[in-house]
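For reference, the structure is listed below as structure tokens.
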Protein chains: 2
Amino acid sequence: MSSWHIDYHSPNRGLTFAVEKLLYSEQSPYQKLEIVQTPEFGKVMLLDGVLMLTEKDEFVYHEMLCHPSLITHPNPHTVLIIGGGDCGTLSRVLQHSSVHRVVQVEIDEMVTRVSKEYFPLLTESVNDPRVELVFDDGIKYLMSKVNEFDIILVDSTDPVGPAEGLFRKEFLLSCHSALKQDGILCLQSESPWIDSLKPVIGQMHTDLVSLFEGVYPYIASIQTYQAGLWMFQMASKRYSPFSADSWDRLKNSHLKCNYYNLPIHTAAFCLPEFVVKLLA
Amino acid sequence: MSSWHIDYHSPNRGLTFAVEKLLYSEQSPYQKLEIVQTPEFGKVMLLDGVLMLTEKDEFVYHEMLCHPSLITHPNPHTVLIIGGGDCGTLSRVLQHSSVHRVVQVEIDEMVTRVSKEYFPLLTESVNDPRVELVFDDGIKYLMSKVNEFDIILVDSTDPVGPAEGLFRKEFLLSCHSALKQDGILCLQSESPWIDSLKPVIGQMHTDLVSLFEGVYPYIASIQTYQAGLWMFQMASKRYSPFSADSWDRLKNSHLKCNYYNLPIHTAAFCLPEFVVKLLA
């Protein structure tokens with residue numbers, strides 16, 4: 001490994017950063033995982049050369065995938081995480097005291113096993129008695145589930161390789177069926193700045209609108225992800241994030257966050273004009 | 001010039017992008033200017049190797065430096081731009097029909113002269129009869145000005161080299177004096193993700209709070225600037241951006257934007273928790 005890594009965001013651009021040391025490398029049936037030590041971001045996880053996680057700013061992605069939906073739902077008991085093997089999302093879900101059961105279905109056990117060694121602050125969450133870890137294909141797992149979960153969070157890699165199916169309408173339909181009558185689905189949905197991803201984001205939005213009562217796309221600044229801007233799509237059968245009840249729950253939640261807060265809970269859903277046009 | 005450029009955001013990280021061709025290069029007494037053609041961002045201007053402007057996303061920085069203040073002020077007649085030689089900010093100021101006079105004080109005539117050749121869509125604004133171009137030191141220019149401007153926009157480079165003085169309290173005090181009794185100052189204030197810039201942002205905020213009635217920091221996603229997140233600070237003697245009057249003006253303004261819109265006018269001021277802490 002050279003002393004600088006490039007995380008390509010398109011064939012013509014990328015984030016480049018200094019690498020002090022390759023700490024670990026392993027190839028699973030699904031992907032190649034590397035852990036590198038960097039002066040800028042601390043420990044960094046790469047999957048097939050793509051930056052997944054940094055010690056320095058993992059909090060943005062994980063807080064913003066989890067908390068808006070768990071605050072929007074008045075009483076989330078049962079949560080399903082698809083993907084999320086590094087356990088950063090899981091650790092945030094467990095901060096919500098209403099949660100009684102979390103199932104995490106990660107296709108690649110390697111990701112969780114290696115995260116236990118290099119990101120122990122995230123993976124200590126797996127010892128919580130509310131957690132069930134399943135290492136299996138999330139698409140297959142969901143096929144037999146009906147009316148079971150209050151919240152489903154899709155914490156996937158990019159729409160190539162193992163995660164490709166998690167962006168298809170069939171999968172979104174399975175999520176809809178697996179949710180209870182008032183359930184909420186939230187998915188990571190890539191960067192609206194990257195031209196090649198715009199059709200993926202637009203199609204996901206169209207598919208969600210055809211399935212759910214309310215669809216609420218939102219954004220966050222993630223400096224180490226593509227183009228520094230990341231998008232999520234919350235799809236809800238009943239509850240809206242813009243309710244006085246949500247704001248009250250958040251005020252009373254005592255969540256300790258480094259990105260998410262009461263103003264962001266509403267502001268994240270206010271989209272720049274070029275994103276509005278992309279979804280229109 | 002190699003076929004890939006690195007725009008360093010710290011000694012250990014940067015944005016890297018393919019460069020097809022060096023179109024122009026010139027050294028002024030102040031800085032080295034280069035115009036390069038890129039497949040990802042179209043034409044790009046570099047000053048001393050630092051990315052200043054791209055055809056693809058210049059709209060974010062220029063819309064967001066200009067419009068929030070010009071919408072917050074109920075009737076901006078006279079506007080001063082410090083820096084801004086590429087004329088992207090100027091072109092947005094002129095979209096506001098209340099504006100009768102715009103003075104732009106750029107220290108380096110090279111920037112405007114070369115922009116006329118390579119970014120003509122931005123510089124055509126200099127032909128507007130409301131515009132006065134001054135090529136001089138903005139700090140010196142402001143010293144003799146009292147109670148003259150409704151709006152001052154500081155469109156500077158980073159706080160090294162020619163722009164260093166534009167981040168000092170003495171300069172902010174000159175701006176305060178040059179503004180009318182109900183004037184508004186808005187400055188670009190760097191990226192809150194970059195550790196070395198955090199003290200600069202914090203000091204500017206403290207200084208502005210000591211001088212102005214209301215200080216309103218806000219953010220925008222600028223994919224080609226440092227860490228993809230940029231900050232601005234609006235400092236106002238009387239008006240608040242959160243007034244029903246502002247929203248009505250924006251609704252009636254017929255501005256054509258690609259980033260700024262009615263929800264963003266409020267949401268941009270909602271800061272992630274780590275930025276709130278930085279300013280505390």
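Basis for what follows: all heavy atoms, side chains included, without hydrogens, waters or symmetry-related copies. Predicted model, so just to flag it, every value in this text is computed and none were measured. Protein chains get the first letters and strands the later ones, always in sequence-line order, with residue 1 at the start of each.
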Using a cut-off of under 4.5 Å for heavy-atom pairs, which of [options] has the most such pairs with chain B?
options                           : answer
A227(A), G14(A), P263(A), A267(A) : G14(A)
Q226(A), R13(A), K56(A)           : R13(A)
A18(A), G228(A), A268(A), A220(A) : A18(A)

With rounding to the nearest 0.5 Å, note down the distance linking CG in N12(B) to OG in S3(A).
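Going from CG on N12(B) over to OG on S3(A), the span is 10.5 Å.
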With a 6.0 Å cut-off (strictly less than), is the heavy-atom count around CD of E213(B), excluding the residue itself, greater than 12?
no
Residues of residues 272-280 of chain B within contact distance of chain A, non-hydrogen under 4.5 Å:
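Only P272(B), E273(B), F274(B), V276(B), K277(B) of residues 272-280 of chain B have a heavy atom under 4.5 Å from chain A.
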Write out, in numerical order, the residues from residues 184-200 of chain B with a heavy atom short of 4.5 Å from a heavy atom in chain A.
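If one takes a 4.5 Å heavy-atom cut-off, the residues of residues 184-200 of chain B near chain A are W193(B), D195(B).
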What part of Y225(A) gets within 4.5 angstrom of chain B, counting heavy atoms only: side chain, backbone, both, or neither?
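Contact with chain B involves no heavy atom of Y225(A) at all.
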Examine distances only and state if a side-chain atom of N261(B) and a backbone atom of L271(A) form a donor-acceptor pair shorter than 3.5 Å.
yes
Interface moiety of I6(B) toward chain A, non-hydrogen atoms closer than 4.5 Å:
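Answer is side chain: those atoms of I6(B) sit under 4.5 Å from chain A.
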Is F269(B) close to chain A through its backbone or its side chain, or both, or neither, when contacts mean heavy atoms under 4.5 Å?
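For F269(B), there is no contact with chain A at all, as no heavy atom is under 4.5 Å.
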Quick test of your reading: applying side chain to side chain donor-acceptor pair (under 3.5 Å), list the pairs with at least one residue in residues 39-53 of chain B, sequence neighbours left out, ordered by first then second residue.
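Residue pairs passing side chain to side chain donor-acceptor pair (under 3.5 Å), neighbours aside: S10(A)-E40(B).
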Return the set of residues passing ring-ring contact (aromatic ring centres under 6.0 Å, His included) with F41(A) (not counting sequence neighbours), or none when no residue passes.
F17(A)
Can you confirm whether Q223(A) sits close enough to L229(B) that some side-chain heavy atom of one is under 4.5 Å from a side-chain heavy atom of the other?
no
